[in-house]
Novice: 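Mind having a look at this structure? Questions to follow.
Throughout, a chain's letter reflects where its sequence line sits, starting with A, and its residues are numbered from 1. Computed from a prediction, not measured in an experiment: that's the story for all the values here. In what follows, every heavy atom counts, from backbone to side chain, and hydrogens, waters and symmetry copies are set aside.
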Amino acid sequence: MNPDQIPKSYDAPATEERWYRFWEERKFFAASDGSSAPRFCIVMPPPNITGSLHMGHALTNTLQDIVVRWKRMQGFNTLWVPGTDHAGIGTQNVIERQLAKKKIHRNDLGREKFEQIVWEWKEQAEKTIHHQLRRMGFSCDWSRVAFTMSPQLSRAVREVFVTLYEEGWIYRGEYMVNWCPRCTTAISDLEAQHHPEQGHLYYVRYPLQNSGDSVTVATTRPETMLGDTAVAVHPDDDRYRNLVGKILILPLLNREIPIISDSIVQKDFGTGALKITPAHDPNDYQAGLRHQLPLVQVIDESGKMTAQAGPYSGLSREQARQKVLHDLKEQGFLIKTEPYSLSVARCQRCNTVVEPLVSTQWFVKIAPLAEPAIAALETGRIRFIPANYERVYFEWMRNIHDWCISRQLWWGHRIPAWYCEACGRMLVSRTDPERCPHCGEAELRQDPDVLDTWFSSALWPFSTLGWPEKTRDLELFYPNSVMMTGFDIIFFWVARMIMMGIHFMGEVPFGTVFLNGLVRNEQKQKMSKSKENAVDPLEIIDQYGTDAVRFTLAVMTGAGSDIIFSTDRMIGYRSFANKIWNAVRFLLLNLPEDASPVSADEARELASGRSLSTVNRWILHRLNAIVAEVNEDLGKFRFDESSNALYHFFWHELCDWYLELSKPVLNLKSGEDHEQTIKTMIYVLDVSLRALHPFMPFITEDLWQRLPHQGESITVAPYPMPDAGLTNPEADREMNQIIDFVTSVRAVRSENNLDPARKLPVELVVASQQRHQLQRYQPAILALGRLSEIRLVEAFHEDGNHLRGFSAMGEFALVAETEVDRQSELERLKREVAKIREEMERQTRKLSNEDFLRKAPQPVIDLTRGKQAELAAKLEKLSAELTRLGG
RNA sequence: GGGCGCUUAGCUCAGUUGGUUAGAGCGCCUGCCUUACAAGCAGGAGGUCCGCGGUUCGAGCCCGCGAGCGCCCACCA
């Protein structure tokens, strides 16, 4: 082949552009539901439609794609549904931020106009997703990108809501919920993130009515005192026993509040007296219910003080705190202030401090739904990888609280409940009602709230397959084969999918849950947009190529551990891509015009025939071992092991040894060995490319198409499977000896700084059997050791310029033309002797231990004995050499 | 307050049921433009496997205690 036809190095962008177009046009990735093949399905978690794809998504989705490509090549009928669920707060925030740039608030637009804007924006977002999926090399069915707000998925959401409502699992009620004053919506417990922050503990004196006495309470949130409706003390607290039932005067507002007795108070915290603010603290709310205390709401939905806060009305929470403190101090009620570390809840989406507020919300009574979901893991119908996350799951599921599903947002699935203006009754319905079924009036007002994003996400494994219709997809691909996602959303998503799946499908949504770690940056920090340390995967792809990025992600995905994003590794695997490119290039430059593909059967025939050289037998043996390992590791989701095995094999066995050993054969240009070596090489590279394809889709396709191959695309070519007919331990042993010999020669040469460009003769003293082998491999050894000739001798010339070396094949001497640095060679030998002595010592100690001889298994003892003998022999030779050099 | 995890080479990490001299990539040092690849090739240095104790013929791995770090959950003012 003309060398100009294949460039000297891998050009990722050109290759990528060519092949994703090709795949897209051929529609290789569409599921063919007519086939009787075994099925494999992954429903993909959402790529981030709200902005650029982030590294976490890139990781999860890459791992999924590796598995899907692997399964597809194995002949599975695969379906991979990509999609996005952005029916909620995240999306609304993105849109609001965009509007804010134009100085528009959503209130200026009104709900309908706002929704319209999101729909327009969604068109663009879908294009973005499509682009991202392509760049990452994902083999999903492009035509099936699922979008939660689509009419079909909306229908599924409504169906689930109404069914759960009818079954009594959904209820509406007034409770204290986490409220984000910036998003002006309720959020679930999970969305409120607690972090320790440095604050203060304020001691405030509340005077007793008609008395000079007072009670001092400690609080971290002085502004909430405006809403206090009691002060509580512990029933067993002697200090306050006779004060229970007395009345206190709330400072600043001069309201009368009672002293009550309740065991939620901890006697030894603060002063032992606790102010009770039922409207602004979950514990106090409960206490308020127990003691029938009034609710005094002093903070409103947007975090401003209400009219109830008297003179503080209209101030923000923060301003009110300052003013309250100022006033308390001025009027002598603030006793002292201590620094105090407290846990502050912030909104997951916008980081605003969450305000507990009482409001009417929709809830899912979730404990009963959780039970079968717990059982699914207990009985092993669902299995987590790594398994230790099962414990986390159990812990949460067994202590699960009712799930607040309503959100006061403008974007999302609207709750299908209507209120009749005429009779005031509520109606929950699958279809938009025309009129009230109770009184017949048409004046119906739909509940303004929307559902939590995760409510619709929970339906993903079946809603994306067409449910509630009984579709063919659903029949074929439910339950999904495997769920792959980050461990950080076990509760948000995985647990809820399991509950909903079991409840509505009567069957678990997937059998295996694979959880990958987080992607961190080189300082080990979590990558996040708010910290501005996030890396855009598409930019990294521009820099290193998709194949290198995918391979890096795979190789760094250890079992259950986070991955540290490293540019160095990326560079290394970009080099690997180049290595692959050049290995194939090497073959192409040596390929006869009429070369044809080599099938697995042909390869087996070659391997079982008599004439195939040991080198070729050896590489087929190694190839087969790697294929077996990769399949096994991928089955266990060991992406690191499988990719590493391929990397090591390709670079350090195939390229470093096999191709080098084959060069002398290829130079022959003809003959049986030449012909068979070409065939072997075609086969080995073909199999290697197919084995690598799930990890590096682009380069493998490109090279595979250039090699003799069978089939339209490597994407639909069979994945290599182990074949016992290729194993050959004999060839493996023999080659290892040659490799060891060449390595020893090189080491001696290198350690003595002998210029490799200068060809040196080597003399060998060897046993007869090895002599035969050495003759056979002479050309390869000459080439790899950069030697001019090999002389097989019975005994060495006693020449001072001979450098002795040892390998399993025998003792050898390099004949140097110049004076050898005797001193440094002596030192080197001495160092080596010391090392061997030490090692021998260890073996001897073992063998002189009677317990070891009595209790250790025989193979271990034999191994130790053999090793000791080997070391002894080597020591003897080294000592002789030392003597010879006059040491 | 509960739970989970981590600590191995300068850096990032493997090390599967305990058994050869604890490995890899990057980095470092030395020598090479050898007609696939300098994004390359060959060779080399570098480790008290966090500490202490225990089990065992034998421990990086199992058990106990301790130290440091990280994460998750939980309503403690």
Side-chain angles (χ1 to χ4, degrees), chain A residues 3 6 8-10 176 189-190 194 201 217-221 224 232 264-266 269-271 273-277 281-286 340 342-343 345 356 388-389 391-392 395-396 399 487-488 490-491 518 522 524 526 555-556 558-564 566-569 571-590 636 638 640-641 644 647-648 655-656 659-660 663 743 746-751 753-757 783-786 835-836 838-839 842-843 846 849-857 859-861 863-864 866-867 870-871:
Chain A
I6 175 162
K8 252 180 135 168
S9 56
Y10 176 47
M176 175 155 283
D189 292 345
L190 281 175
H194 294 261
L201 193 57
V217 299
T219 179
T220 54
R221 299 192 56 200
T224 62
I264 61 158
V265 183
Q266 291 193 354
F269 187 91
T271 61
L274 172 64
K275 66 193 251 335
I276 301 290
T277 321
D281 182 279
N283 281 324
D284 295 5
Y285 179 72
Q286 292 302 325
Y340 188 73
L342 64 156
S343 165
N388 54 310
Y389 285 111
R391 216 183 149 125
V392 179
E395 188 63 28
W396 189 74
N399 298 299
F487 68 79
D488 51 330
I490 292 177
F491 307 139
L518 296 176
E522 283 173 69
K524 289 203 174 187
K526 198 167 163 176
V555 88
M556 295 191 67
S561 60
D562 287 353
I563 78 173
I564 311 294
S566 152
T567 314
D568 286 346
R569 293 295 289 268
I571 291 169
Y573 295 114
R574 182 182 57 184
S575 303
F576 181 47
N578 195 52
K579 192 74 181 176
I580 297 170
W581 184 265
N582 275 289
V584 174
R585 180 169 186 265
F586 174 71
L587 172 56
L588 290 174
L589 297 177
N590 286 286
K636 291 188 289 192
R638 289 302 304 256
D640 52 342
E641 301 270 355
N644 230 333
Y647 175 87
H648 189 267
C655 290
D656 287 354
L659 294 187
E660 294 300 332
K663 277 177 182 174
T743 305
R746 282 166 170 174
V748 170
R749 177 200 282 284
S750 187
E751 278 159 13
N753 279 335
L754 296 180
D755 181 0
L784 296 182
R786 319 233 71 219
K835 224 156 93 184
I836 289 175
E838 198 184 316
E839 182 53 31
R842 212 175 326 192
Q843 307 307 322
K846 265 194 199 176
N849 182 341
E850 278 185 35
D851 279 333
F852 175 72
L853 295 177
R854 205 170 56 240
K855 293 180 181 171
V860 174
I861 296 174
L863 213 63
T864 312
K867 210 168 93 185
E870 199 180 298
L871 286 165

Novice: Tell me every residue that passes side-chain hydrogen bond (donor to acceptor under 3.5 Å, both in side chains) with A/R391, counting only those two or more places apart in sequence or in another chain.
Specialist: none

Novice: Would you say the side chain of A/D851 and the base of B/rC57 hold a donor-acceptor pair, judged only by whether the two atoms sit under 3.5 Å apart?
Specialist: no

Novice: Under the side-chain hydrogen bond (donor to acceptor under 3.5 Å, both in side chains) test, which residues partner A/E660, sequence neighbours left out?
Specialist: A/K663

Novice: Within the structure, does a side-chain N or O atom of A/K8 lie under 4.0 Å from either OP1 or OP2 of B/rC37?
Specialist: yes

Novice: With a non-hydrogen cut-off below 4.0 angstrom, is A/V265 in contact with a base, only sugar-phosphate, or nothing?
Specialist: base

Novice: Could you work out which one of B/rC57, B/rC41, B/rA77 sits closest to the side chain of A/L342?
Specialist: B/rA77

Novice: What pairs with A/A273 under side-chain contact (heavy atoms from CB on, under 4.5 Å), at least two apart in sequence or on another chain?
Specialist: A/V215, A/V217, A/V231, A/V233, A/Y240, A/T271

Novice: side-chain contact (heavy atoms from CB on, under 4.5 Å) with A/K855: which residues, sequence neighbours excluded?
Specialist: A/D851

Novice: With sequence neighbours excluded, tell me which residues meet side-chain contact (heavy atoms from CB on, under 4.5 Å) with A/M556.
Specialist: A/T552, A/I563, A/R569

Novice: How does protein reach along nucleotides 2-11 of chain B, written 5' to 3' as B (base within reach of a heavy atom under 4.0 Å), S (only sugar-phosphate), or - (no contact)?
Specialist: -SSS------

Novice: Just to verify, what does A/Y573 make a ring-ring contact (aromatic ring centres under 6.0 Å, His included) with, not counting sequence neighbours?
Specialist: A/F551, A/Y647

Novice: If the condition is side-chain hydrogen bond (donor to acceptor under 3.5 Å, both in side chains), which residues does A/R221 pass it with, not counting sequence neighbours?
Specialist: A/E223, A/E355

Novice: If you look at every strand shown and take non-hydrogen atoms under 4.0 Å, does A/E850 touch a base, only sugar-phosphate, or nothing?
Specialist: nothing

Novice: How would you list, by chain and number, every residue that makes a salt bridge (Lys or Arg N to Asp or Glu O under 4.0 Å) with A/K835, sequence neighbours excluded?
Specialist: none

Novice: Requiring both pairing distances under 3.5 angstrom, list the stems that contain RNA chain B and are made of three or more consecutive Watson-Crick or G-U pairs.
Specialist: B:1-7 with B:67-73, B:10-13 with B:23-26, B:28-32 with B:40-44, B:50-54 with B:62-66

Novice: Under 4.0 Å, counting only non-hydrogen atoms across every strand here, what does A/N849 touch: a base, just sugar-phosphate, or nothing?
Specialist: sugar-phosphate

Novice: Detail all sub-3.5 Å separations between protein N/O atoms and N/O atoms belonging to nucleotides 42-49 of chain B.
Specialist:
{"residue": "B/rG43", "atom": "O2'", "partner": "A/S750", "partner atom": "OG", "Å": "3.3"}

Novice: Partners of A/D656 by side-chain hydrogen bond (donor to acceptor under 3.5 Å, both in side chains), sequence neighbours excluded?
Specialist: A/H652

Novice: For nucleotides B/rC71 and B/rG64, find the distance between their C1' atoms and express it as a whole number of Å.
Specialist: 25 Å

